[in-house]
Amino acid sequence: MSHLSQRYIQLKKRVFEREFAHLNPQQQQAVFTVDGPLLVLAGAGSGKTTVLIERIGFLLQYGNAYFDDRLPAGFTETEMETMEACFAGDDWRRLLPQFALPTPRPYEVLAITFTNKAAAEIGQRLEAKLPEQAHEIVSGTFHRFCVKILRRTASLLGYGSDFTIYDTDDTKRLITECLKALSLDPKQYAPRAVLSEISNAKNEMLGPDELAKKGVGNFRTEKIADVYRLYQQRLLQNNAMDFDDLIWNTVRILQEFPDRADYYRRRFRYVMIDEYQDTNTAQDLLVHLLTSHYRNLCVVGDDDQSIYRFRGATVENILGFDQIFCDAKVIRLERNYRSTSQILDAANAVIRNNVGRKGKELWTEKKDGVPVHLQTAEDDRAEALYVCSQIQNLAILEKRPFSDFAVLYRTNKQSLSFESTFARSGLPYRIFGGHRFYDRKEIKDLTSYLSVIHNGGDAVRLKRIINLPKRGIGEASVEKAQKLAEYLQIPLFEVCRNATTYPGLGASAAKLAAFAALIDDLRRTLEEVGLNGIVDAIVEKTGYAAYLKETEDNWQDKLQNIEELASSMTAYATEHEEATLGGFLEDAALVSDLDDYNAQAETVTLMTVHAAKGLEFPCVFVVGMEDGLFPSGAALLEREELEEERRLAYVAMTRAKERLELTYAKRRMIHGQTMFSPISRFVTEIPDELLDKPEEESPFRPQTSFGGYTSRTSYSNRSASSPHHLTAAKPTPKPMGMGAGPASKPKADVSGFLVGGRVKHPTFGEGTLLKKTEMGGDVLMEIAFDTVGTKRLMANYARITKCE
DNA sequence: CACGCTCTGCCTGCG
DNA sequence: GCAGAGCGTG
């Protein structure tokens, strides 16, 4: 290599490094490496999304400029000197365009994520960074990407392009049907379990025959393979796919139709996959099939955050990436920008105990944090009380909005005690998870109507609504009609429509025909009123509202949910120029509740650790740190399971930016039984010097009149265990908020303060009391101070006096 | 076919 | 401890 060329390359690199100086060296390398296979091991809070966005930006602007080692043709020494002089001056940015190489078109770039939330974030940030090109870049979830391909290619596999996407409820119904058809006892073959085995098989790319072969000699597996075979057959008949099929059928397109495969391979020249540790075998195969031509594949992930093994994700995909691509470049992002060193050291100490990992140690420059706090509570109720009062304390002492706080738990059930405690003390909160909006019964009913209107071939959803509201079509009649449909090889809906022409249907024929007429009528209504009025029309023409009133206690709530469905359809119609019913149903199938998580809302967040992945909060409480709960009892048996739980604990801890508290209850009700569990082994893996452990006893003991002590370590410790201490009688969980946390004070008497009256504060001066709000045994006072403006203070903490 | 009773079986859960 | 499923009866 010539001397000139070396000078040129060196200068070029320095220019780019200066342009991307806001990134650390590892991040820069990840951004500049656009060609060939790249594995980015991105620790929690290491600026992964930023890298992804910057990388796309760099790619679209400069192509493979950074690593290209060619000298422009006819480049001279003089030009080199001009460039170097320019670099030394202020307008060195002028050099950037000169280094640019041919770039891909935006639509040749594909970015795939797992959740809608992540996809939306990427979409927004791309929009902000590259307003011109963002809308052309293909970004979205695996499922959305696959649906897009399948809508165009499904006919090759025998499906219609308007296939329905079945959710868990639909698939469960279909499995139950298949079990019945094969005379299998649903008690021995629980639909849920069968479904999960089928799903696992699909995720590993095993068809019914392969599953049967694998389970030869195993009676149960052989039977499940039979169910699987029938299930797939029926899905096809119903023109429906389950979520796993979306992936697998796309794989089939790429494997079985070379011309299609070739088209997509050339189309997506640059592919990026986020959260690669969450991919299953089918998704991994899809990615490899898609990128086998150009091999410009960048996968980003963190083996330490792989927490979805139970649903088929295999960490091996990310762990073995550099073995499959032996020329892959591996970049580790270990600098964390989120958490304090105390939090990171604790999290590192826990995850270190895992054997099967690439090995990463996060570090930070935030050294000014507080230790991780460990709180012991007598039972789950005391635990909730502690968290509640601690949040109230911190909100006041550190002037934090409630949106700073998150309570993370292992199981959804644990939310109950927090929900009731928070509600009682007026702490605003929001619970995420549990069931999706679109999974609610009334919403499922309505979307089933919509779906039948849209895709008449779908018998599962048709059967869901055929007698709902009750219209005298019993199970026997439906079965007869279905037998007939099978015999005649026509959709069930067609049998209903022409029911009166089949003598075998007897008395129910008229009712079936009336039902079909209703659906046909609704189809015409859809033509007339469009998406905006169709929900109302269904409710009206089916008498659904009356049915709800008759059968449900909380029918008002349910009607309101239906209203919400109607307005979300209207919103969909306005947002999309060519809005169709099919498009809306597709959206409904592919969204989740977490998607509308709003960090701005002034509420405490309650969610499972799983749901919290990818989020961050200034203050995090990880609750229920007990062996048997976290790690879960099932995980205590197998090493692999336990390691997954440990990764889960790692994810939980690394959500915290400033404060991390771990809580543990000595006693707790599980499955209706009081359990006494030892403290979580994950807590014991954290070295003592990183943990701030308060007194042994529950903090909820009646307060003495020694107001204002702040040291919890010596004095209060003793007071609880000392037998002659009169007030240490029995911890009473009654008093809310008070006496909890570090800086407790005696209860202030606020009855003398009148709204509109004048008050005085030692630092803020005089002001007018605007509002008093009861809050967890304390009173929140909103005061308009004369000099410093309006402030919200808790009566028990702020030294407020009346003006005489 | 609707109801009420008993029985069971219980992590996590994207799309 | 509670919810959902399944079963039997009016």
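- Between A:F584 and A:H576, the ring centre distance reaches or exceeds 6.0 Å.
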Show me the donor-acceptor pairs, under 3.5 Å and distance only, between side chains in residues 238-250 of chain A and residues at least two apart or in other chains.
{"from": "A:N238", "atom 1": "OD1", "to": "A:A459", "atom 2": "N", "distance (Å)": "2.8"}
{"from": "A:N238", "atom 1": "ND2", "to": "A:R234", "atom 2": "O", "distance (Å)": "3.1"}
{"from": "A:N239", "atom 1": "OD1", "to": "A:G160", "atom 2": "N", "distance (Å)": "2.9"}
{"from": "A:N239", "atom 1": "ND2", "to": "A:D162", "atom 2": "OD1", "distance (Å)": "3.1"}
{"from": "A:D242", "atom 1": "OD1", "to": "A:K202", "atom 2": "NZ", "distance (Å)": "3.2"}
{"from": "A:D242", "atom 1": "OD1", "to": "A:D244", "atom 2": "N", "distance (Å)": "3.1"}
{"from": "A:D242", "atom 1": "OD1", "to": "A:D245", "atom 2": "N", "distance (Å)": "2.7"}
{"from": "A:D242", "atom 1": "OD2", "to": "A:K202", "atom 2": "NZ", "distance (Å)": "2.7"}
{"from": "A:D242", "atom 1": "OD2", "to": "A:Y231", "atom 2": "OH", "distance (Å)": "2.9"}
{"from": "A:D244", "atom 1": "OD2", "to": "A:S199", "atom 2": "OG", "distance (Å)": "2.8"}
{"from": "A:D245", "atom 1": "OD1", "to": "A:K202", "atom 2": "NZ", "distance (Å)": "2.8"}
{"from": "A:D245", "atom 1": "OD2", "to": "A:K202", "atom 2": "NZ", "distance (Å)": "3.4"}
{"from": "A:D245", "atom 1": "OD2", "to": "A:D242", "atom 2": "N", "distance (Å)": "3.3"}
{"from": "A:N249", "atom 1": "OD1", "to": "A:R252", "atom 2": "NH1", "distance (Å)": "3.4"}
{"from": "A:N249", "atom 1": "ND2", "to": "A:D245", "atom 2": "O", "distance (Å)": "3.4"}
{"from": "A:T250", "atom 1": "OG1", "to": "A:L246", "atom 2": "O", "distance (Å)": "2.6"}

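- Atom CD of A:Q414 and atom P of C:dG1 are 17 Å apart (whole Å).
- Applying the side chain to side chain donor-acceptor pair (under 3.5 Å) rule to A:R125 yields the partners A:T50, A:E121; only residues at least two apart in sequence or on another chain are considered.
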Derivation of the salt bridge (charged side-chain N to carboxylate O under 4.0 Å, His left out) call for A:E479 and A:K180: CA-CA 12 Å; A:E479 220 153 287; A:K180 208 168 157 196; 3.3 Å; yes
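- Rounded to an integer number of Å, the gap from CZ of A:R471 to P of B:dA2 is 13 Å.
- Rounded to whole Å, the distance from CD1 on A:I165 to P on B:dG15 is 13 Å.
- Distance A:Y166 OH to B:dC14 C1': 21 Å, rounded to the nearest Å.
- The six-membered or imidazole ring of A:Y409 lies away from that of A:H610, with a centre-to-centre distance of 6.0 Å or more.
- Counting non-hydrogen atoms under 4.0 angstrom, A:L416 reaches nothing in the nucleic acid.
- Relative to the ring axis of A:Y308, A:R311 places its NZ or CZ within 45° and under 6.0 Å from the centre.
- Listed by chain and residue number, nothing satisfies the ring-ring contact (aromatic ring centres under 6.0 Å, His included) test with A:F676 (two or more places apart in sequence, or in another chain).
- Taking the six-membered ring where the residue is Trp, the centroids of A:F114 and A:F142 are separated by under 6.0 Å.
- Rounded to whole Å, the distance from CG on A:N203 to P on B:dG13 is 17 Å.
- Scanning DNA chain B for stems, defined as runs of 3 or more consecutive Watson-Crick or G-U wobble pairs whose donor-acceptor distances all fall under 3.5 Å, gives the following ranges: B:1-10 with C:1-10.
- Using a 4.0 Å heavy-atom criterion, one finds that A:G633 contacts no nucleic acid atom at all.
- Summarising the geometry, the separation between CZ on A:R309 and C1' on B:dC14 is reported as 18 Å, rounded to the nearest angstrom.
- By the 6.0 Å contact criterion, CZ on A:R220 is enclosed, its count of non-hydrogen atoms from other residues, nucleotides or ligands being greater than 12.
- Residue A:E475 contributes atom CD, which lies 12 Å from atom P of C:dC7 at whole-angstrom precision.
- A:R646 and A:D304 are not joined by a salt bridge, as no carboxylate oxygen comes within less than 4.0 angstrom of a charged side-chain nitrogen.
- With the nearest nucleotide of DNA chain B identified for both A:K470 and A:V609, A:K470 has the one nearer the 5' end.
- Spacing between atom NZ of A:K613 and atom P of B:dC14 amounts to 11 Å, rounded to whole angstrom units.
- Across all strands shown, A:Q283 has no heavy atoms under 4.0 Å from either base or sugar-phosphate atoms.
- Side chain of A:D458 to main chain of A:V460: a donor-acceptor pair is present (N/O by atom type, distance under 3.5 Å, no hydrogens or angles).
- Cation-pi geometry between A:R151 and A:F163 is met: the NZ or CZ atom falls under 6.0 Å from the ring centre, inside 45° of the normal.
- Using a 4.0 Å cutoff on non-hydrogen atoms, the parts of residues 137-144 of chain A near DNA chain B are A:T141, A:H143, ordered by number.
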Pull out every protein N or O sitting under 3.5 Å from an N or O of nucleotides 3-12 of chain B, one pair per line with the distance.
{"from": "B:dC11", "atom 1": "O2", "to": "A:R410", "atom 2": "NH1", "distance (Å)": "2.8"}
{"from": "B:dC11", "atom 1": "O2", "to": "A:R410", "atom 2": "NH2", "distance (Å)": "2.7"}
{"from": "B:dT12", "atom 1": "OP1", "to": "A:N412", "atom 2": "N", "distance (Å)": "2.6"}
{"from": "B:dT12", "atom 1": "O4'", "to": "A:R410", "atom 2": "NH2", "distance (Å)": "3.1"}
{"from": "B:dT12", "atom 1": "O2", "to": "A:R410", "atom 2": "NH2", "distance (Å)": "2.5"}

